[in-house]
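Notes follow once the structure below has been shown.
Predicted, not measured: the structure shown is a model, and the values here were computed from it.
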Amino acid sequence: MNDSTVTLPWLVIRQDDNGNRYRVGRYATRAEAQKIADSLDSRGPKQLYWVERIGQGAPADQD
């Protein structure tokens, strides 16, 4: 499998205390993305992390 066939539809998004949003990374599964978001979220205050599927534009609640 080469890089052009890999699908990474799940994003981890970070929002800082000023409301700025940044893409942290792209992942193949929601579970993988959620694990990263949870790990980052547990590190400290003033940052909000969530999982979003490409094309949704809002935090993902389900697969």
Side-chain angles (χ1 to χ4, degrees):
M1 178 182 294
N2 62 37
D3 289 338
S4 66
T5 61
V6 175
T7 302
L8 302 173
W10 294 98
L11 305 174
V12 173
I13 306 294
R14 175 178 70 96
Q15 181 173 314
D16 64 22
D17 58 334
N18 294 316
N20 299 308
R21 295 179 182 184
Y22 305 93
R23 183 174 67 193
V24 174
R26 292 177 63 168
Y27 303 91
T29 66
R30 184 182 190 281
E32 181 182 18
Q34 190 64 57
K35 182 178 178 181
I36 297 298
D38 290 345
S39 173
L40 293 169
D41 196 40
S42 68
R43 292 185 181 180
K46 298 197 177 192
Q47 305 295 316
L48 173 65
Y49 294 90
W50 70 85
V51 173
E52 184 175 289
R53 189 171 179 102
I54 292 176
Q56 285 185 334
D61 291 327
Q62 300 178 4
D63 288 71

TODO: Return the minimal non-hydrogen interatomic distance between P9 and A28, and the atom names on each side.
DONE: CD-O, 3.8 Å

Task: Results of side chain to side chain contact (heavy atoms under 4.5 Å, CB included) for S39 - residues two or more places apart only - done: R43

TODO: Determine whether Q34 and W10 make a side-chain contact, defined as any pair of heavy atoms from C-beta on separated by less than 4.5 Å.
DONE: no

Open item on the list: Looking at every heavy atom in both L48 and D41, which two are closest together, and how far apart are they?
Closed with: CA-OD1, 4.4 Å

Task: Where V24 and L40 come nearest, the two heavy atoms and their spacing - done: CG1-CD1, 3.8 Å

Task: Inter-residue atom distance L11.CG - W50.CH2, 0.5 Å rounding - done: 10.5 Å

TODO: State which residues pass side-chain hydrogen bond (donor to acceptor under 3.5 Å, both in side chains) with N20; sequence neighbours excluded, sorted by chain then number.
DONE: D16

Open item on the list: I need the K35 NZ to T29 OG1 distance, nearest 0.5 Å.
Closed with: 10.0 Å

TODO: Taking all heavy atoms of Y27 and all of I36, pick out the closest pair and write down the distance.
DONE: OH-CG2, 3.5 Å

Open item on the list: Within this structure, what is the CZ-CD1 distance for the pair R21 and I13, rounded to the nearest 0.5 Å?
Closed with: 8.5 Å

TODO: Using the test side-chain hydrogen bond (donor to acceptor under 3.5 Å, both in side chains), find all partners of Q47 that sit at least two apart in sequence or belong to another chain.
DONE: R14

Task: Minimum-distance pair of heavy atoms, taken over all atoms of A37 and V51 - done: CB-CG2, 4.1 Å

